[in-house]
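Report on the following structure.
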Amino acid sequence: KEVVAFQHVSKVFNNETVALKDFDLSIKEGEFLSFLGPSGCGKSTALRMVAGLGEATKGSVKVFDGSPKEIIKETNDLAFVFQDANLLPWRTVLDNVLLPLELRGGNKKKHKQEAIRVLEMVGLKEYLKSYPRQLSGGMKMRVSIARALAAKPKMLLMDEPFGALDEITRQTLQMELLDIWQKENMTILFVTHNVYEAVFLSTRIAVMSASPGRLSSLIDVKLPFPRR
Ligand code: ADP
Ligand code: ADP
């Protein structure tokens, strides 16, 4: 089942900077798809359009057969994780994860159960009452991932989430993310300029070229062991 469709998408900023040019891509449910390419090739622009952040100059982007803006407004199906964990410093770990659930309204007790479930999944159940400043970079990113997972999205959009982490922490989080992807049965769209990261994580890689914003190849990643 197709969950994202870029059709002949072009994106031009300020009438001069071409970020995407005639970009075509179809993404299927359950894929772990990475956008890979050099800085400035349009990876973030493409990902942001899936989240309804920025309209196509030409062509169209569809998500779950609808417009990204409507999907974001009307469902919990999409969640975004940025390179910066973006935690609120005056809120505890638990309260940071609860925030988007509270904004949606509903049963507080259920929200708390769900927040604790996702924090356990990322190995942070001992840190519910800690504040962001007490956590390492990797732990902050885990909180950010838990916050995204709390609303049970069908698709997770990640823009260089591990880019600011040291190598060991990055590798640990990569393995944890694969585990989450399998357990939660999600589609993940992942932006990176790191070839090894893309190959390790993805089922498919959209390689983009800087000249400018074109899809230069699509690579299916077949691993010698089953991933789900
Ligand atoms: P990547 O994520 O691959 O590094 P981006 O999608 O961030 O690339 O950017 C693609 C191109 O579009 C770059 O030339 C960048 O400077 C430009 N760009 C991105 N966002 C904006 C913006 N809001 N305004 C103007 N130019 C932008
Ligand atoms: P990334 O590291 O994900 O490629 P950037 O750090 O390039 O993202 O961009 C971060 C933010 O700045 C985004 O909102 C993007 O749209 C905006 N931006 C990027 N390039 C430009 C630019 N040349 N002019 C204005 N805004 C930009």
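For ligands, and for the atoms within them, numbers begin at 1 and follow the listed sequence. Position 1 is the first residue of the sequence; numbering continues from there. Not measured: the values here are computed from a predicted model.
Note on Y131: it does not cluster hydrophobically with I116, by side-chain heavy-atom contacts below 4.5 Å among ILVMFWY residues.
Taking a 4.0 Å cut-off on heavy atoms, C41 registers as neighbouring ligand 1. At least one heavy atom of P38 sits less than 4.0 Å from an atom of ligand 1.
Contact record, A51 with P68: C-CB, 4.2 Å, taken as the closest heavy-atom pair.
Neither the backbone nor the side chain of A46 has a heavy atom within less than 4.0 Å of ligand 1. The side chain of T17, and not its backbone, has at least one atom closer than 4.0 Å to an atom of ligand 1 (non-hydrogen atoms only; side chain from C-beta on).
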(Q) Walk me through whether V63 and L78 qualify under side chain to side chain contact (heavy atoms under 4.5 Å, CB included). (A) CA-CA 9 Å; V63 182; L78 282 178; 4.3 Å; yes
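Residues K28 and E2 are not paired through a salt bridge, judged by the lack of any N-O separation under 4.0 Å between the basic side chain and the carboxylate.
At least one N or O atom of G42 sits closer than 3.5 Å to an N or O atom of ligand 1. Close N/O approach between V191 and ligand 1 is not found [any backbone or side-chain N/O within under 3.5 Å].
Aromatic ring pairs are classed by plane angle as parallel below 30°, tilted from 30° to 60° and perpendicular above 60°; the pair F32 and F190 is tilted.
In the candidate list S44, G213, A19, S44 is nearest to atom 2 (O) of ligand 1, counting heavy atoms.
Side-chain contact check for S34 and S202: at least one donor-acceptor pair (N or O, by modelled atom type) lies under 3.5 Å.
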